[in-house]
Amino acid sequence: QVQLVESGGGLVQAGGSLRLVCADSGRTFRNYAMGWFRQARGKEREFVATISKNGDNTDYGDSVKGRFTISRDAAKNTVYLQMGSLKPEDTAVYYCGLSLRGGGTYYPDYSYWGQGTQVSVSA
């Protein structure tokens with residue numbers, strides 16, 4: 001059973017950094033591509049980053065390229081999102097998702113989601 005749990009969100013000043021963690025207590029996601037999406041209040045869910053099941057391939061949304069890095073640790077059953085040079089427009093609830101379809105940049109590409117973690121960036 002897939003159970004994704006995000007953590008690491010919080011309040012940070014513009015220019016700061018945060019690292020988000022997605023853990024799978026069901027110990028299944030090592031075999032699947034994973035992704036991070038975010039949803040700001042009143043907006044649609046937005047693609048942030050995705051990583052292949054073996055970690056060799058990554059892709060990023062245009063708004064976060066060069067500032068965010070996605071990675072995974074198979075031994076720890078975790079996926080990370082290192083966020084740097086944060087901006088107020090990065091404020092959103094961040095969700096990790098598991099894809100049964102090899103990943104992608106659209107949220108329908110992902111079948112399982114965590115509950116989300118709030119990231120707030122002050123000016």
Side-chain angles (χ1 to χ4, degrees):
Q1 183 178 0
V2 177
Q3 293 181 315
L4 305 179
V5 179
E6 303 96 334
S7 61
L11 175 64
V12 64
Q13 288 187 332
S17 300
L18 281 175
R19 188 180 76 160
L20 304 184
V21 181
C22 176
D24 173 22
S25 59
R27 306 176 71 83
T28 58
F29 73 33
R30 66 182 64 189
N31 297 317
Y32 299 99
M34 300 292 294
W36 285 96
F37 284 69
R38 66 187 182 186
Q39 190 165 18
R41 186 173 300 178
K43 295 187 177 181
E44 294 186 351
R45 196 166 291 196
E46 175 191 14
F47 169 69
V48 175
T50 186
I51 188 167
S52 59
K53 65 178 181 180
N54 59 10
D56 286 351
N57 295 304
T58 59
D59 194 13
Y60 297 90
D62 288 342
S63 61
V64 306
K65 281 182 181 176
R67 300 189 297 123
F68 291 11
T69 302
I70 188 171
S71 61
R72 65 192 304 164
D73 185 329
K76 295 183 178 180
N77 251 7
T78 54
V79 174
Y80 304 98
L81 184 68
Q82 181 68 47
M83 306 187 296
S85 302
L86 283 162
K87 305 174 182 180
E89 50 264 45
D90 294 318
T91 295
V93 178
Y94 284 70
Y95 299 89
C96 76
L98 181 150
S99 175
L100 301 177
R101 302 169 60 177
T105 61
Y106 299 97
Y107 69 81
D109 292 329
Y110 297 79
S111 301
Y112 297 94
W113 296 94
Q115 83 290 346
T117 185
Q118 176 71 47
V119 172
S120 299
V121 184
S122 62

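Bear in mind that the values here come from a model prediction, so they are computed numbers and not experimental data. Residues take their numbers from the sequence shown, with the count starting at 1.
- Counting heavy atoms from C-beta on, the side chains of Cys96 and Leu4 come closer than 4.5 Å.
- The stretch residues 97-119 participates, sequence neighbours left out, in these salt bridge (Lys or Arg N to Asp or Glu O under 4.0 Å) pairs: Arg101-Asp109.
- The minimum heavy-atom distance between Val119 and Gly9, with the atom names listed, is CG2-CA, 4.1 Å.
- Side-chain atoms of Leu86 and Gln13, non-hydrogen and from C-beta on, never get closer than 4.5 Å to each other.
- Proximity of a side-chain donor or acceptor of Gln115 to a complementary backbone N or O of Glu6 within less than 3.5 Å is detected.
- No continuous path of ILVMFWY side-chain contacts below 4.5 Å connects Tyr110 to Tyr112, so the two sit in separate hydrophobic clusters.
- Contact detail for Asp59 and Phe47: the closest heavy-atom pair is O-CZ, 3.6 Å.
- Between the CG atom in Asn77 and the CG atom in Asp24 there is a gap of 5.5 Å [rounded to 0.5 Å].
- With sequence neighbours excluded, the residues forming a salt bridge (Lys or Arg N to Asp or Glu O under 4.0 Å) with Asp62 are Lys65, listed by chain and number.
- Aromatic rings of Trp113 and Phe37 (six-membered ring for Trp) have centroids within the 6.0 Å cut-off, being under it.
- For Arg67, the side-chain hydrogen bond (donor to acceptor under 3.5 Å, both in side chains) partners are Asp90, not counting sequence neighbours.
- With rounding to the nearest 0.5 Å, the separation of CZ in Arg30 from CG in Asp73 is 9.5 Å.
- In terms of hydrophobic clustering, with Ile, Leu, Val, Met, Phe, Trp and Tyr side chains grouped at heavy-atom distances under 4.5 Å, Ile51 and Leu100 are assigned to a common cluster.
- In this structure the side chain of Gln39 reaches within 4.5 angstrom of the side chain of Tyr95, judged on heavy atoms.
- Nearest heavy atoms, Gly102 versus Ala33: C-CB, 3.6 Å.
- One distance of note links CG of Leu81 with CE of Met34; it measures 11.5 Å at 0.5 Å rounding.
- Nearest heavy-atom pair across Tyr60 and Ala49 is CD2-CB, 3.6 Å.
- The side-chain heavy atoms of Leu20 and Met83, taken from C-beta on, include a pair separated by under 4.5 Å.
- Considering only heavy atoms from C-beta on, Thr117 stays 4.5 Å or farther from Ser7 through its side chain.
- In this structure, a donor-acceptor pair under 3.5 Å is present between the side chains of Glu46 and Ser63.
- Atom CD of Glu89 and atom CZ of Arg38 lie 8.0 Å apart (nearest 0.5 Å).
- Scanning both residues, Gln82 and Ser17, for their nearest heavy atoms gives NE2-CB, 4.1 Å.
- Neither Val93 nor Val79 shares a network with the other; the hydrophobic side chains, linked directly or stepwise wherever heavy atoms of I, L, V, M, F, W or Y lie under 4.5 Å apart, form separate groups for each.
- Here the side chain of Thr91 pairs a donor or acceptor atom with the backbone of Val121 at under 3.5 angstrom.
- A pairwise comparison of heavy atoms in Ala40 and Ala92 identifies N-CB, 3.7 Å as the closest pair.
- Separating the OH atom in Tyr80 from the CD1 atom in Ile70 is a distance of 12.0 Å, to the nearest 0.5 Å.
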